[in-house]
S.K.: 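Got a structure for you, written out below as structure tokens; questions coming shortly.
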Amino acid sequence: MAAPAGLDDAFLRDLLARYEAQDPGTAAARLQALVDSVNALKADVAVVGRRGAGVTTLIHALVGERPGLEDPQAFFQQAPEPPGQPAGSTHPAYPTLALWDLPGFQEPEKPGDYTKRLGDLGKYGCLVLVVGEGSPADAHLQLLKAFQQKRKPYYVVRTKVDLDLHTAKRRFQARYSSAEALALARKGVAEVLAKNGLETSRVFLVSGLETDRYQFSQFQDKLEEEIIQLKRAHDGELEDLRAVSPRKIQELYQACATGGLAEVPAIICSALEEPSQIRLDVAVLGEAGSGKSALVNALRGVGCGEPGAAPTGVTATTQKAAAYALPTVPGLYLWDLPGVGVTEEDVGRLDLSRYDFFLLTASERYRHAQSQLARAVSAAGKRFFFVRTKVDVDAQPGPELRPVEEIRSSCVGALQKDGVSSPRVFLVSSLLREAYDLPALRAALENDAPALKREALEKAIPMALSRLVRRKSKALMKDVWRKTLQSCLYSAEKPGPDVATSLINTASAFSIELGLVEESLAQVAKATGKPVRLLQAEIRSPWLKRPDPKQVLKQITKPVPFSSRMWSLVPYWGRGDEGQPEISLEATYRVLTQALAEMTEDAERMLRRACAKE
């Protein structure tokens, strides 16, 4: 007897031995009933795309495999051959979910011939179209329309967006905008879908090699909601990520990944109390020729032309962003950025999310360009110092002589008109380093660095917590299927309400792993100073209150509705003594997966409340 998805040979042998020990005559029948039940829960997802679109890489990413990343050069030199026949991969967290890598399409093959080569697609409950670049092929559009007509779910995944951003950055340089490049990638696919009467809301931008960025997590969640029918209270989107540095998220995630979830708040609080090890990225931003590079050198105490100095010149010199450590503040890096243009379009292309703080520079009167920059930085949820450079030129005797305080007052007034309530303005000369406000600017950076580091870290906390909780949830989800089989087996051997108690105990074990029990909450409260009752208020799943076994038993004995698109009716377990309840394998699996999903959201919500700034 071949083992279906989710049932390995070892489990079948163990199950067979247990049944034969009780009643050899019914062992085969009961095993076949188990196989039939499991097969009824199977969900097959077809993944298609042009050759080279990244279909195989996407499937590897979805099942948690990262082949080739240990030796990227060899990976790209020896790219895997596309499959000649459909190749299936079982999802580790959802053993009933199989992702099928179908043969790729390549011109000049005719759409009809390609469809015939794929064979019968009726066995697949969902279609994922992978688009590497450009727009979907006509052959794939026909497949999408067929699934839409049959009311089967489909998704379009635009892969390799990391390469799109890399290309756009090299092409546009100072005019590069990640948001604009991503919008262009989405538009290229969405317009074709709309023209063919297909839904544009089913498009996701991902990178199979950078699964913690872009929309990979949202795509995962949608697949789970559609195929596994998990219900979530949130849509996978957190706050506006323009205000969050991806580097900060990764640093915080790595610092917390080694401990349990209940230990995470203590690690975060320790970092906030002693932020010396936190990196602070300060961007020096302004028009070309405004003295940005000279300012970087002056703040670092390095002379122009000396080793390690930022290159300077009378014309635009900086062509690529470069980071320079500020010796007096450990972990603070000054980023010398290429000069920006003066139009609103130029400013709109800036990717401000990479930086934690800004020095906005201007070598002349406060103009429209500075106004646009100040508004853009403020809109991104970031703060800045305004640095008026080359002030020694304005202060020299001559017909254009302007008193220093008049220059300062003018800059402050202009910034206030742009909505900056308490602007901090520094008038500096990179040549006369001890004159004017350069020493005060250096001191301000040194004094404000701890608070700025804390602020940058606090913005990264929600996303880092989300990733940590998701990682733990994925690990626990791998155990749900085996627990389901064990519970149904138990009910077959000993019919009765004890199976509901077993499920409740399983959910309790999950709550311990997710840090939702009283001991864990007390640990979190001690680390953060938040009252335990405040943390308990964020826990909403009924499973944390140990539900009544009778109510749980009702949930797992409900018949499966005919309206379900992805599940069919399955045999019932527990045909023992007359009057005893019959346990549904599908209902049991759904109850456990949904319980874990609810507790996962509780854990994330509780940790975010614990680490939130009051």
S.K.: What distance separates L299 CG from T328 OG1, expressed to the nearest 0.5 Å?
M.R.: 8.5 Å
S.K.: Can you tell me how far OG of S207 sits from NE2 of H166, rounded to the nearest 0.5 angstrom?
M.R.: 13.0 Å
S.K.: Can any side-chain N or O of K292 pair as donor or acceptor with the backbone N or O of P338 at less than 3.5 Å?
M.R.: no
S.K.: Under a 3.5 Å cutoff, is there a donor and acceptor pairing between the side chains of E518 and Q536?
M.R.: no
S.K.: Side-chain contact test, heavy atoms from C-beta onward, threshold under 4.5 Å: evaluate it for L337 versus V284 and give yes or no.
M.R.: no
S.K.: Do Q370 and R365 have side-chain atoms, one donor and one acceptor, less than 3.5 Å apart?
M.R.: no
S.K.: To the closest 0.5 Å, what do you measure between CD (E446) and CG (L326)?
M.R.: 6.5 Å
S.K.: Any ion pair linking K472 and E513 (charged N to carboxylate O, less than 4.0 Å)?
M.R.: yes
S.K.: Any donor and acceptor pair, going by atom type alone, linking the side chain of R433 with main-chain N or O of S430 inside 3.5 Å?
M.R.: yes
S.K.: I'd like to know if the side chain of S466 reaches the main chain of P462, judged simply by a donor and an acceptor atom lying under 3.5 Å from each other, with no hydrogens or angles considered.
M.R.: no
S.K.: Run the side-chain donor-acceptor check on residues 447-456: report pairs under 3.5 Å with partners two or more places apart or on a different chain.
M.R.:
from, atom 1, to, atom 2, distance (Å)
N447, ND2, A443, O, 3.1
D448, OD2, R424, NH1, 2.6
K453, NZ, S276, O, 3.3
K453, NZ, I278, O, 3.1
K453, NZ, P330, O, 2.6
R454, NE, L272, O, 2.6
E455, OE1, R383, NE, 3.3
E455, OE1, R383, NH2, 3.1

S.K.: Taking the side chain as C-beta and beyond, is there a heavy-atom pair between D602 and R605 under 4.5 Å?
M.R.: yes
S.K.: Does any non-hydrogen side-chain atom of R300 lie less than 4.5 Å from one of L334?
M.R.: yes
S.K.: Is there a side-chain contact between W335 and V282 in this structure, where contact means two heavy atoms from C-beta onward sitting under 4.5 Å apart?
M.R.: no
S.K.: Can you tell me which residue pairs pass the ring pair (Phe, Tyr, Trp, His ring centres under 6.0 Å) test with a partner in residues 412-434, sequence neighbours excluded?
M.R.: F385-F426
S.K.: Looking at F386 versus Y366, is the centre-to-centre ring distance below 6.0 Å?
M.R.: yes
S.K.: Would a 4.5 Å heavy-atom cut-off, applied to side chains only, mark L285 and T361 as touching?
M.R.: no
S.K.: Give a yes or no on whether the backbone of V206 and the side-chain of K160 come within a donor-acceptor separation of less than 3.5 Å.
M.R.: no
S.K.: Spell out, as yes or no, whether a donor-acceptor pair under 3.5 Å connects the side chain of E224 to the backbone of D221.
M.R.: no
S.K.: Can you find a heavy atom in the side chain of L193 that is under 4.5 Å from one in the side chain of E199?
M.R.: no
S.K.: Between S363 and T389, is any side-chain donor less than 3.5 angstrom from a side-chain acceptor?
M.R.: no
S.K.: Closer than 3.5 angstrom, by distance alone: can the side chain of R158 be matched with the main-chain N or O of G132 as a donor-acceptor pair?
M.R.: yes
S.K.: So, for S511 and L544, which heavy atoms are closest and what is the spacing to 0.1 Å?
M.R.: CB-CD1, 3.5 Å
S.K.: What residues form a salt bridge (Lys or Arg N to Asp or Glu O under 4.0 Å) with R408, not counting sequence neighbours?
M.R.: E405, D437
S.K.: Side chains of L209 and T57: does their closest heavy-atom pair fall under 4.5 Å?
M.R.: yes
S.K.: Going by heavy atoms in the side chains, are L62 and L223 under 4.5 Å from each other?
M.R.: yes
S.K.: Hey, does the side chain of K530 reach the backbone of A610 with a donor-acceptor pair shorter than 3.5 angstrom?
M.R.: yes
S.K.: Determine, stepwise, if the pair D212 / R471 fulfils salt bridge (Lys or Arg N to Asp or Glu O under 4.0 Å).
M.R.: CA-CA 11 Å; D212 57 344; R471 185 189 68 161; over 6 Å; no
S.K.: Might you work through the salt bridge (Lys or Arg N to Asp or Glu O under 4.0 Å) test for E287 and R367, ending with a clear yes or no?
M.R.: CA-CA 11 Å; E287 293 180 85; R367 299 183 301 180; 2.8 Å; yes
S.K.: Regarding S473 and T600, do their side chains bring together a donor and an acceptor under 3.5 Å, going by distance alone?
M.R.: yes
S.K.: Using a 3.5 Å distance criterion without hydrogens, assess whether the side chain of T528 forms a donor-acceptor pair with backbone atoms of C611.
M.R.: no
S.K.: Determine yes or no for a side-chain-to-main-chain donor-acceptor pair under 3.5 angstrom, with T167 supplying the side chain and L163 the backbone.
M.R.: yes
S.K.: Between atom OG of S217 and atom NZ of K222, what is the distance when rounded to the nearest 0.5 Å?
M.R.: 13.5 Å
S.K.: For the ring pair F384 and F358, is the centre-to-centre distance below 6.0 Å?
M.R.: no
S.K.: Is it the case that the side chains of D356 and Y333 hold a donor-acceptor pair, with the cut-off being a distance below 3.5 Å and no angle test?
M.R.: no
S.K.: Whether the side chain of Q215 engages the backbone of L205 through a donor-acceptor N/O pair (distance < 3.5 Å, no angle test) should be reported.
M.R.: yes
